[in-house]
Amino acid sequence: MNYITDGKDSGHKMNIQDWGAPDWERARNCYVYPPARLIRTLDEGATSFQHGNLTLTKDLSLIATSDRHTLDEFHSKLLWSDGFEDNLHGLLSVVFWGNYAGSDPTKGPNGFALARTKWMVEGKAGKPKPSMNTLEAALRDGRTHLKEGRLDHALKALMGIPNLGMSFASKVLMFLDPSRAVIYDSKIAEKIARLAQLDRTWGSRVVSVGLGYTKSKGSAYTSWCEFCIDTAAELNAKGSTWLETNGTKRPWRAVDVERSIFALL
DNA sequence: CCGTTAGCGTCCGTCCACCT
DNA sequence: AGGTGGACGGACGCTAACGG
């Protein structure tokens, strides 16, 4: 049996086929991505972002306690709200969160985070301003497809938002329904490609995250989500739980399986 | 000689131009 | 069609060079 031998991953089995509940639990505890977000503010001095009535500022206060539960609920509530302003707030906060740290969260903040967040409503320099109507419709369609179980169509709908590729469209889906939708970004793509070398059945999940939506991206994404959904169900059936930083026991969601793999491998 | 600052490399996802 | 390579954006942190 092969084991991961480099750095902090030392001692983990290389092939997740060989993982039992303790391996998943241990891996889940290695997930350290910082819970940064954007919150509404009245203090114009602290303003990081302004659009219409929406005045947002960076909030890093959840990082000290690693409170990702609050972050997940915060984004879910905003993205499912009936008000477009909340939806937009949710989208922007997810983009900020996803850009806050690089792939190695210990390396400190990524300077792009706020600029990229602003691109979502202001567009990149020299590029047309994104239409808020397009954005609103894409979010609505994405939610409908997700509710009705069409993960590929949901991904396609969200990738219709300018500056939202597969990486961030899947991040939005993840916050909309962490029990069924997971992230597929370049880092996850690397890990999936590595798993496909060990196990040929993973080949259909391998895809590059660049450029627009294609059917192969849609089916790779669906298959990847299904793996995470199924693994979470198996772990829950065994009575397994993972521990939040504050010690709270939580049942497995699809996203917890994805976060385990993101943290290791 | 030490405190400050200027300058430069780093980070990664998206999109465009150009391929097969 | 679908895939590849390169440019872009901009705060942050490190290092080099500067000034007192």
Measure the distance from [atom1] on [X] to [atom2] on [N] and round it to the nearest whole Å.
{"X": "Lys118(A)", "N": "dG10(C)", "atom1": "NZ", "atom2": "P", "answer": "9 Å"}
{"X": "Leu164(A)", "N": "dC15(B)", "atom1": "CG", "atom2": "C1'", "answer": "13 Å"}
{"X": "Leu211(A)", "N": "dA17(B)", "atom1": "CG", "atom2": "C1'", "answer": "11 Å"}
{"X": "Phe96(A)", "N": "dG9(C)", "atom1": "CZ", "atom2": "P", "answer": "20 Å"}
{"X": "Met159(A)", "N": "dG13(B)", "atom1": "CE", "atom2": "P", "answer": "13 Å"}
{"X": "Met166(A)", "N": "dG2(C)", "atom1": "CE", "atom2": "P", "answer": "14 Å"}
{"X": "Lys215(A)", "N": "dA1(C)", "atom1": "NZ", "atom2": "C1'", "answer": "12 Å"}
{"X": "Lys58(A)", "N": "dC12(C)", "atom1": "NZ", "atom2": "C1'", "answer": "10 Å"}

For Val121(A) and His51(A), which heavy atoms make the closest approach, and how far apart are they?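 Closest approach of Val121(A) to His51(A): CB-CD2, 4.1 Å.
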Using 4.0 Å as the upper bound for N to carboxylate O, is an ion pair formed by [Y] and [X]?
{"X": "Arg28(A)", "Y": "Glu25(A)", "value": "no"}
{"X": "Asp72(A)", "Y": "Arg253(A)", "value": "yes"}
{"X": "Asp199(A)", "Y": "Arg194(A)", "value": "no"}

Is the ring pair Trp224(A)/Phe227(A) parallel, tilted or perpendicular, if the boundaries are 30 and 60 degrees? parallel
Determine the interplanar angle of the Trp252(A) and Trp24(A) rings, folded into 0 to 90°, and report it as parallel if under 30°, tilted if 30 to 60°, perpendicular if over 60°.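 Plane angle over 60°, so perpendicular.
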It should be established whether Ser208(A) places a side-chain nitrogen or oxygen under 4.0 Å from OP1 or OP2 of nucleotide dG3(C). no
Which nucleotide in the list dG9(C), dT14(B), dG2(C) gets nearest to the side chain of Asn163(A)? dT14(B)
Taking the side chain of Ser167(A) as heavy atoms from C-beta outward, which of dC12(B), dC12(C), dT14(B) is closest to it?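 Of dC12(B), dC12(C), dT14(B), dT14(B) is nearest to the side chain of Ser167(A).
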Asp177(A): what forms a side chain to side chain contact (heavy atoms under 4.5 Å, CB included) with it, not counting sequence neighbours?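 Counting only residues at least two positions away or on another chain, Asp177(A) forms a side chain to side chain contact (heavy atoms under 4.5 Å, CB included) with Leu146(A), Ser179(A), Arg180(A).
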Note the angle between the end axes of the helix from dC1(B)-dG20(C) to dT20(B)-dA1(C), five pairs defining each, rounded to 10 degrees.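 That helix gives 30° between its end axes.
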